[in-house]
Amino acid sequence: MSLHGRMVSDSLAIYVHIPFCTKHCAYCDFNTYVEKAQSRIVDDTVKAICEDIRQTAQSLSDAQRLRSIGSVFFGGGTPTFLSGEQITRILKTIGDNFVVQNDAEISSEANPTSSDSEKFAQMREAGFNRLSVGVQAFQDPILIAMDRFHTANEAERALQAARTAGFDNLNLDLMFGLPKQRLADWEESLQRALAIETEHLSLYALTLEAGTRFERLYAGGKLELPGEDAELEMYERAIEILTSAGYHHYEVSNFALEGCQCRHNRVYWENREYLGFGAGAVSYLDGRRWKRERLPAQYIRKVREGLDLSVESETLEPEGTLGETMMLGLRLREGISLSAVQTRFGIEALSYFAEPIADLERRGWLIHDADTLKLTHAGLLLANEAVSAFLAD
Ligand code: SF4
């Protein structure tokens with residue numbers, strides 16, 4: 001066991017970043033570029049990702065390369081912007097170069113406009129067993145205000161197409177705190193999601209990211225938002241509606257039916273290791289975290305020339321890793337097991353973090369019960385602020 005609390009025999013996760021979309025949404029600051037589906041740069045990117053996977057696998061020690069892969073996640077951008085052949089070519093390259101577990105969770109994000117049952121069937125056939133569809137809202141005026149490029153009915157048809165193709169593990173993303181969104185709209189979105197009976201739901205509050213159209217509009221006084229109180233009410237209402245419908249609220253923003261938690265995202269919340277491929281993808285291995293070249297053209301060039309792809313790299317001190325593990329782990333509703341932290345880091349978290357723990361308990365945001373530390377309902381509502389107490393200044 002290393003100081004970072006990992007055994008080389010632990011499984012590893014793989015993330016693949018597809019940096020293209022058909023249009024740019026008004027709130028999005030992800031590393032994604034608007035391109036035409038058949039353009040040269042798109043297929044060059046697919047080839048570069050495959051080559052990146054091969055080169056990375058060859059550069060790893062045997063012990064690392066032979067660690068089994070428990071989950072693969074294609075995100076973006078829009079992975080389904082690629083053709084079925086392109087997306088399955090990348091997955092096959094992963095299978096050819098790593099040991100993917102037979103029961104690995106293999107997910108892809110999908111957008112309603114670039115989804116059809118034929119592409120989904122091809123993906124299912126290739127081994128994808130989970131789809132995450134970005135719906136965001138079920139009201140067309142709200143979707144238009146967000147610069148989304150699909151209607152609510154198209155989103156429902158995409159989810160239906162996924163079912164027809166044999167996907168029995170679906171996630172749906174919804175957002176709240178949106179322009180023009182009233183509590184009644186939000187409740188309607190949740191009810192329409194429930195009617196589709198997706199196994200998993202992710203709910204995100206709108207954040208105004210730097211450089212987005214929404215941020216510029218807001219700064220110019222031209223974007224009206226529901227406000228913090230209304231946003232909080234939407235969040236609490238969602239918890240009520242979804243938990244009454246049988247969903248387990250297992251992470252601040254995530255809800256799942258029994259046995260359907262997202263295995264890949266749990267890797268992040270448990271601060272475990274992963275490899276990322278594609279422009280801008282982040283990897284975390286052996287106490288080092290690094291990011292690949294962000295721009296697709298630079299990424300392609302560097303892969304072709306066999307150059308180092310990392311542009312930002314940090315070596316994490318064990319104390320920093322411990323703080324991050326507390327911060328991320330508290331996002332899980334089950335909380336953190338103190339004995340698991342002790343086993344992983346050889347540190348007694350209650351005394352090491354005595355000050356922030358006492359402060360959060362005093363505010364009523366954190367509860368300590370036997371072996372578990374977890375956020376209270378009040379802490380959950382201010383989760384980002386509450387969990388940041390474990391990070392060094
Ligand atoms: S589809 Fe997703 S990744 Fe693409 S611009 Fe919209 S929010 Fe961003």
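This one's a predicted model, so the numbers in the text were calculated from it and none came from an experiment. Atoms within each ligand, like the ligands themselves, are counted from 1 in listed order.
Short contacts between ligand 1 and Cys28, defined as distances under 4.0 Å to a heavy atom of the residue, involve ligand atoms 3 (S), 5 (S), 7 (S), 8 (Fe). For ligand 1 and Tyr27, the ligand atoms under 4.0 Å from any heavy atom of the residue are 7 (S).
Aromatic pair Tyr268/Tyr284: centroids not less than 6.0 angstrom apart. Checked against the 6.0 Å centroid threshold, Phe176 and Tyr204 do not count as a close aromatic pair. Remark: aromatic rings of Tyr250 and Phe255 are distant, center separation not under 6.0 Å.
Of the protein's non-hydrogen atoms, Asn111 ND2, 3.0 Å is the one closest to atom 1 (S) of ligand 1. Considering only non-hydrogen protein atoms, atom 6 (Fe) of ligand 1 sits nearest to Cys25 SG, 2.3 Å. For atom 3 (S) of ligand 1, the nearest protein heavy atom (residue, atom name, distance) is Gly77 N, 3.4 Å.
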Output, in order, the C-alpha distance, side-chain angles, deciding distance and verdict of side-chain contact (heavy atoms from CB on, under 4.5 Å) for Leu257 and His248. CA-CA 6 Å; Leu257 294 179; His248 177 44; over 6 Å; no

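In Cys21, the part holding a heavy atom less than 4.0 Å from any atom of ligand 1 is the side chain. In Arg148, the part holding a heavy atom less than 4.0 Å from any atom of ligand 1 is the side chain.
Judged by a 6.0 Å distance limit and a 45° cone about the ring axis, Arg130 is not positioned over the six-membered ring of Phe167. Stacking of Arg182 on the aromatic ring of Trp186 is not recorded, the 6.0 Å distance cut-off and the 45° axial limit not both being met.
At least one heavy atom of Lys23 sits less than 4.0 Å from an atom of ligand 1.
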